[in-house]
Amino acid sequence: LAGLREAGADEAIHVLAGRVAAYARLDYPEDVAALLRELRRAGADDAAHTVASRAVSDADLEGPRAAAMLMAALRQADADEAVRSLADRSAAIGTDPDDPDGTAWLLEELRRAGAREAARSIADQAAACTSLDDPSAVAALLKGMREARASDAVTTLLARDPGAHASIDNPLGVACLLEELGRSGADDAARTFASRVATRASPEAVTALLTGLRKIGAVATARAFAARAAETCADLDDPYGAARLLEEVRLAGASEAARL
């Protein structure tokens with residue numbers, strides 16, 4: 001299709017687009033997305049809508065990431081009816097406990113489609129069983145739940161204490177989770193998580209976390225964490241590491257803590 005479009009072979013495009021729409025295998029969402037993009041570029045809107053309708057039932061949706069990818073492609077193709085049908089199918093398929101990032105993406109697509117009931121259903125399932133190891137993925141999932149107004153799911157997920165289970169090896173991910181805990185109204189959980197990080201992480205990791213909080217605009221969270229880190233951070237033998245930590249504490253606006 002791309003070659004015919006570049007050659008200006010409009011009649012050939014029309015013929016090929018019709019055949020593709022009727023006979024192409026639509027098993028893989030990423031391939032469907034690429035086909036829909038090219039059909040739209042070629043001006044073959046009718047063929048694109050036929051592909052979109054077929055893809056809802058034919059595509060292999062192994063989990064929330066595949067469903068989100070296909071839904072995004074259908075949305076970009078203005079296939080509103082297909083999007084609504086896919087939203088219903090997605091809710092029936094459910095979520096993947098090992099892919100909170102993919103679930104967060106699906107929640108975003110469902111919210112954009114106005115499929116609130118489907119979004120709440122997915123959120124409720126994810127809240128009860130999703131893995132809590134990856135702090136950035138859990139933060140993305142919490143954000144998706146909050147924006148989908150799935151308050152029950154947020155409550156369920158927070159009750160599982162993600163701050164106690166999340167890895168603290170990725171400072172930016174920790175920063176995202178700290179900020180999202182605060183935005184979700186879980187101030188106690190955020191403080192407990194901050195204490196865990198400040199106590200167990202190295203000065204270098206704490207410094208990187210403060211940098212990450214500032215980069216995502218979490219000024220208040222950075223200031224609160226800086227004050228806690230100044231009191232509890234262990235292993236301050238390295239003067240260079242300590243100097244960088246002092247600088248970040250000061251940049252976070254916790255000057256009093258820096259003097260401690």
Side-chain angles (χ1 to χ4, degrees), residues 1 17-42 44-134 136-150 152-154 156-157 160 162:
L1 275 172
R19 293 183 62 201
V20 166
Y23 301 114
R25 289 184 58 183
L26 304 176
D27 298 348
Y28 301 108
E30 58 267 38
D31 293 342
V32 174
L35 178 57
L36 285 171
R37 282 194 299 270
E38 196 53 49
L39 286 169
R40 295 200 73 205
R41 286 173 184 161
D45 293 341
D46 289 345
H49 280 279
T50 299
V51 168
S53 298
R54 288 182 55 214
V56 172
S57 58
D58 292 359
D60 183 9
L61 302 182
E62 296 179 343
R65 187 176 299 272
M69 182 183 298
L70 181 56
M71 190 168 292
L74 297 180
R75 175 172 53 80
Q76 290 161 8
D78 295 326
D80 296 339
E81 185 175 343
V83 168
R84 287 191 291 271
S85 298
L86 182 59
D88 293 337
R89 186 183 172 199
S90 299
I93 290 171
T95 186
D96 180 354
D98 295 324
D99 190 12
D101 255 336
T103 302
W105 184 11
L106 179 56
L107 285 175
E108 179 185 358
E109 288 299 329
L110 289 169
R111 180 178 59 81
R112 288 187 175 189
R116 294 181 180 177
E117 290 303 317
R120 290 194 183 107
S121 175
I122 292 291
D124 288 341
Q125 294 174 53
C129 65
T130 198
S131 170
L132 302 177
D133 295 340
D134 183 346
S136 61
V138 175
L141 182 57
L142 266 174
K143 180 181 179 183
M145 291 174 173
R146 184 167 50 80
E147 292 182 343
R149 298 182 181 178
D152 288 346
V154 170
T156 300
L157 183 58
R160 295 176 59 203

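FYI, side chains are in, hydrogens and waters are out, and symmetry mates aren't considered; it's all heavy atoms of this structure.
The neighbour count for Asp58 CG, taken as heavy atoms of other residues, nucleotides or ligands under 6.0 Å away, is above 12.
Contact between Ala113 and Val83 at its shortest, heavy atoms only, is CB-CG1, 3.5 Å. Minimum heavy-atom separation, Ala137 to Pro100: CB-CG, 3.6 Å. Nearest heavy-atom pair, Leu74 versus Ala52, reported as atom, atom and distance to 0.1 Å: CD2-CB, 3.4 Å. Contact between Ala17 and Leu39 at its shortest, heavy atoms only, is CB-CD2, 3.8 Å. Of all heavy-atom pairs spanning Ala91 and Gln125, the tightest one is O-NE2, 3.7 Å. Taking all atoms of both residues into account, the shortest heavy-atom contact from Leu26 to Ala55 is CD1-N, 3.8 Å.
Looking at residues two or more places apart in sequence or on another chain, you find a side-chain hydrogen bond (donor to acceptor under 3.5 Å, both in side chains) between Ser136 and Asp134. Residues that satisfy the side-chain contact (heavy atoms from CB on, under 4.5 Å) test with Ala119, not counting sequence neighbours, are Leu107, Leu110, Ala148. Partners of Arg25 under the salt bridge (Lys or Arg N to Asp or Glu O under 4.0 Å) rule, at least two apart in sequence or in another chain, are Asp27. For the side-chain hydrogen bond (donor to acceptor under 3.5 Å, both in side chains) test, no residue two or more places apart in sequence or in another chain qualifies with Ser85. With sequence neighbours excluded, no residue forms a salt bridge (Lys or Arg N to Asp or Glu O under 4.0 Å) with Asp133. Under the side-chain contact (heavy atoms from CB on, under 4.5 Å) criterion, Asp88 pairs with no residue, sequence neighbours left out. Contacts of Glu30 classified as side-chain contact (heavy atoms from CB on, under 4.5 Å), with partners at least two apart in sequence or in another chain: Tyr28, Met69. With sequence neighbours left out, Asp78 forms a side-chain contact (heavy atoms from CB on, under 4.5 Å) with Arg40.
Distance check, rounded to the nearest 0.5 Å: CG of Asp80 to NE2 of His49 gives 8.0 Å. Rounded to the nearest 0.5 angstrom, Leu86 CG and Leu70 CG are separated by 5.0 Å. In this structure, Leu157 CG and Thr130 OG1 are separated by 7.5 Å, a value rounded to the nearest 0.5 Å.
Annotation: salt bridge (Lys or Arg N to Asp or Glu O under 4.0 Å) contacts involving residues 107-126, sequence neighbours excluded, comprise Arg75-Glu109, Glu108-Arg112, Arg111-Glu147, Glu117-Arg120. The side-chain hydrogen bond (donor to acceptor under 3.5 Å, both in side chains) analysis of residues 89-104, with sequence neighbours excluded, yields the pairs Arg65-Asp99, Thr95-Thr103.
Within the 4.5 Å cutoff, the side chain of Val154 has heavy atoms near those of the Leu142 side chain.
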